[in-house]
Amino acid sequence: MVIFIINMKIGYPCLNRTLNCTTGSTFRLKNYSEAELIKKISSNLICLEKTLEFNLENGLFFFRISSDLIPFGSHPVMKFNWQEYFKAELTSIGRFIKKNQMRISMHPDQFTLINAVNKKIVRNSVRELEYHCQILDSLDLDKSAKMQIHIGGVYGDKKASKERFIKNYSRLSLNIKNRLVIENDDKSYSLEDCIEIHDKTGIPVLFDFFHHECLNNGDVPKKALETAGKTWRKKDGIPMVDYSSQKKDSRKGSHAESLDKKHFVKFLTQSSDFDLDLMLEIKDKEKSALKALKLAKEKRRA
DNA sequence: AGTTGTCAAGCTAGT
DNA sequence: ACTAGCTTGACAACT
């Protein structure tokens with residue numbers, strides 16, 4: 001009897017719907033106080049710990065940590081040294097992740113635009129990236145823990161916007177560069193655009209299977225996976241891939257509520273030649289991740 | 001107790 | 001002109 005090992009780590013973003021807690025409990029700016037902040041961070045970290053324990057018990061070894069873990073993490077109102085205050089908790093969570101060889105990513109949100117025309121938006125974006133780095137650093141994770149962003153806006157001139165990305169990227173700190181990867185999006189920047197930027201910067205490209213279905217330059221998935229995979233160096237870890245499928249009767253690009261088994265099995269077939277860690281961006285989160293894990297196991301055994 | 005409108009931040013495409 | 005959608009809820013402020 002041959003034992004098949006599932007190399008692929010499977011995960012889901014930010015939120016577990018089975019557990020009755022959230023890792024991104026936030027509060028309003030007008031109610032900001034240090035006492036409230038400490039309370040929220042504390043409950044977020046407790047929930048993160050619970051979520052990771054759930055993941056371990058269920059064989060899910062990939063997780064995206066919510067950008068809301070530290071409320072107002074990059075906002076000027078935040079002067080509190082949370083890294084020091086929660087050092088014990090952060091260290092302990094980081095140790096748990098490393099001990100169990102879990103893969104971690106983060107996804108700075110849609111406001112993070114390093115190719116923005118407006119310099120203030122770029123500055124805020126850099127702060128946001130620094131904040132995300134601080135989380136991953138405070139957990140003492142190596143450089144295979146990534147933060148993924150899209151190229152950004154087009155601003156009516158894609159060529160100039162790509163050049164602005166490259167220029168602004170070159171000014172980022174090494175710490176950010178070590179963790180930053182770019183992801184093809186569903187309407188503006190295709191895999192080919194990302195590869196062009198990779199060629200000029202060396203930045204790894206995280207392949208989004210569903211976005212590629214929405215927007216591509218003709219590469220079949222297999223070729224696309226191969227192309228994106230090659231942009232990851234050894235220290236970046238195994239290439240991360242995002243997976244989702246179209247929500248029926250909804251606008252193009254919206255994510256499905258639950259795993260489309262047939263579509264996913266097709267993905268498994270097309271990706272079977274490659275080493276990758278898989279993030280399932282499906283609305284019912286861990287439920288679909290568990291279904292996917294089961295299907296992946298069956299597939300490997302077949 | 002349950003419901004609703006709003007939240008730090010931007011962009012794009014569809015309506 | 002407006003807004004859903006993005007990784008999308010959570011929570012404060014109302015009934």
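The analysis underlying the following values was restricted to heavy atoms, covering all of them including side chains, and did not include hydrogens, waters or symmetry mates.
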Residues passing the side chain to side chain donor-acceptor pair (under 3.5 Å) test with A:His150, sequence neighbours excluded, are none
Heavy-atom nearest nucleotide on DNA chain C taken for A:Cys14 and for A:Lys40; more 5' hit belongs to A:Cys14
With sequence neighbours left out, the residues meeting salt bridge (Lys or Arg N to Asp or Glu O under 4.0 Å) with A:Lys187 are none
With a cut-off of 3.5 Å and sequence neighbours excluded, list every side-chain donor-acceptor pair involving residues 25-35 of chain A.
| unit_1 | atom_1 | unit_2 | atom_2 | d |
| --- | --- | --- | --- | --- |
| A:Ser33 | OG | A:Glu36 | N | 3.1 |

Contacts of A:Gln134 meeting side chain to side chain donor-acceptor pair (under 3.5 Å) (sequence neighbours excluded), chain-then-number -> none
Could you give the distance separating B:dT12 and C:dA10 at their P atoms, to the nearest angstrom? 29 Å
Discussion item. Base, sugar-phosphate or nothing for A:Glu281? Non-hydrogen atoms, less than 4.0 Å.
Written reply: sugar-phosphate
Here the distance between atom C1' of B:dC11 and atom CG of A:Asn115, to the nearest Å, is 10 Å
- prompt: Hey, does the side chain of A:Thr22 come within less than 4.0 Å of C:dA10's phosphate (OP1/OP2), counting only N and O?
  reply: yes
Using only side-chain N and O atoms of A:His150, determine if any of them is under 4.0 Å from OP1 or OP2 of B:dC11.
-> no
Expected list for residues 151-172 of chain A near DNA chain B, using heavy atoms below 4.0 Å, is A:Gly153, A:Val154, A:Tyr155
Note to self: Can you confirm whether the side chains of A:Ser144 and A:Asp142 place a donor and an acceptor under 3.5 Å from each other?
What the structure shows: yes
Taking the six-membered ring for Trp, are A:Tyr169 and A:Phe165 parallel (under 30°), tilted (30 to 60°) or perpendicular (over 60°)?
parallel
Any carboxylate oxygen within less than 4.0 angstrom of a Lys/Arg side-chain nitrogen, looking at A:Lys230 and A:Glu226? yes
Between CG of A:Asp109 and P of B:dG10 the distance, given in whole Å, is 10 Å
- Task: Determine the interatomic distance between P on B:dG5 and the same-named atom on C:dT3; round to the nearest Å.
- Result: 13 Å
*Using the P atom in both, what is the distance from B:dG10 to C:dC11, to the nearest Å?*
23 Å
Determine, stepwise, if the pair A:Phe209 / A:His263 fulfils ring pair (Phe, Tyr, Trp, His ring centres under 6.0 Å). CA-CA 11 Å; A:Phe209 185 79; A:His263 186 265; 5.7 Å; yes
Between CD of A:Gln110 and P of C:dA4 the distance, given in whole Å, is 14 Å
Per the under-4.0 Å heavy-atom filter, residues of residues 70-85 of chain A near DNA chain B come out as A:Phe72, A:Gly73, A:Ser74, A:His75
If you measure only the distance, is there a donor-acceptor pair under 3.5 Å linking the side chains of A:Ser67 and A:Asp109? no
Residues at least two apart in sequence or cross-chain that pass ring pair (Phe, Tyr, Trp, His ring centres under 6.0 Å) with A:Phe207, listed by chain then number, are A:His212
* Asked: When you compare C:dT7 with B:dA1, how far apart are their C1' atoms, in angstrom units rounded to a whole number?
  -> 31 Å
Atom CG of A:Asn44 and atom C1' of C:dC11 are separated, to the nearest Å, by 13 Å
- B:dC7 and C:dA1: how far apart are their P atoms, nearest whole angstrom? 23 Å
Here the distance between atom C1' of C:dT7 and atom CZ of A:Phe210, to the nearest Å, is 13 Å
With both pairing distances under 3.5 angstrom for Watson-Crick or G-U wobble, and | for a partner in another strand, the correct string for DNA chain C is ||||||..|||||||
Does a salt bridge link A:Arg64 with A:Asp242, judged by any charged N lying under 4.0 Å from a carboxylate O? yes
Review point. Is the backbone of A:Asn124 close enough, under 3.5 Å, to the side chain of A:Ser74 for a donor and an acceptor to pair up by distance?
Key: no
Here the distance between atom P of B:dC11 and atom OH of A:Tyr189, to the nearest Å, is 11 Å
So the salt bridge (charged side-chain N to carboxylate O under 4.0 Å, His left out) pairs with at least one residue in residues 204-221 of chain A (sequence neighbours excluded) are none
What residues 117-145 of chain A contributes to the DNA chain C interface at heavy-atom separation below 4.0 Å is none
With the stacking rule set at 5.5 Å and 30°, tell me whether A:Phe111 counts as stacking on B:dA9.
yes
To the nearest angstrom, the CG-P distance between A:Asp68 and C:dA10 comes to 10 Å
In numerical order, the residues of residues 23-33 of chain A whose heavy atoms come under 4.0 Å of DNA chain B are A:Arg28, A:Leu29
Do side-chain atoms of A:Asn216 reach the backbone of A:Ser190 as a donor and acceptor pair under 3.5 angstrom? no
Atom CG of A:Asp186 and atom C1' of B:dA13 are separated, to the nearest Å, by 10 Å
Please tell me whether A:Asp284 and A:Tyr12 have a donor and an acceptor in their side chains that are separated by less than 3.5 angstrom. no
Working for salt bridge (charged side-chain N to carboxylate O under 4.0 Å, His left out), residues A:Lys294 and A:Glu298: CA-CA 6 Å; A:Lys294 193 158 165 270; A:Glu298 284 167 8; 3.7 Å; yes
Applied to residues 44-60 of chain A, the salt bridge (charged side-chain N to carboxylate O under 4.0 Å, His left out) test, sequence neighbours excluded, yields none
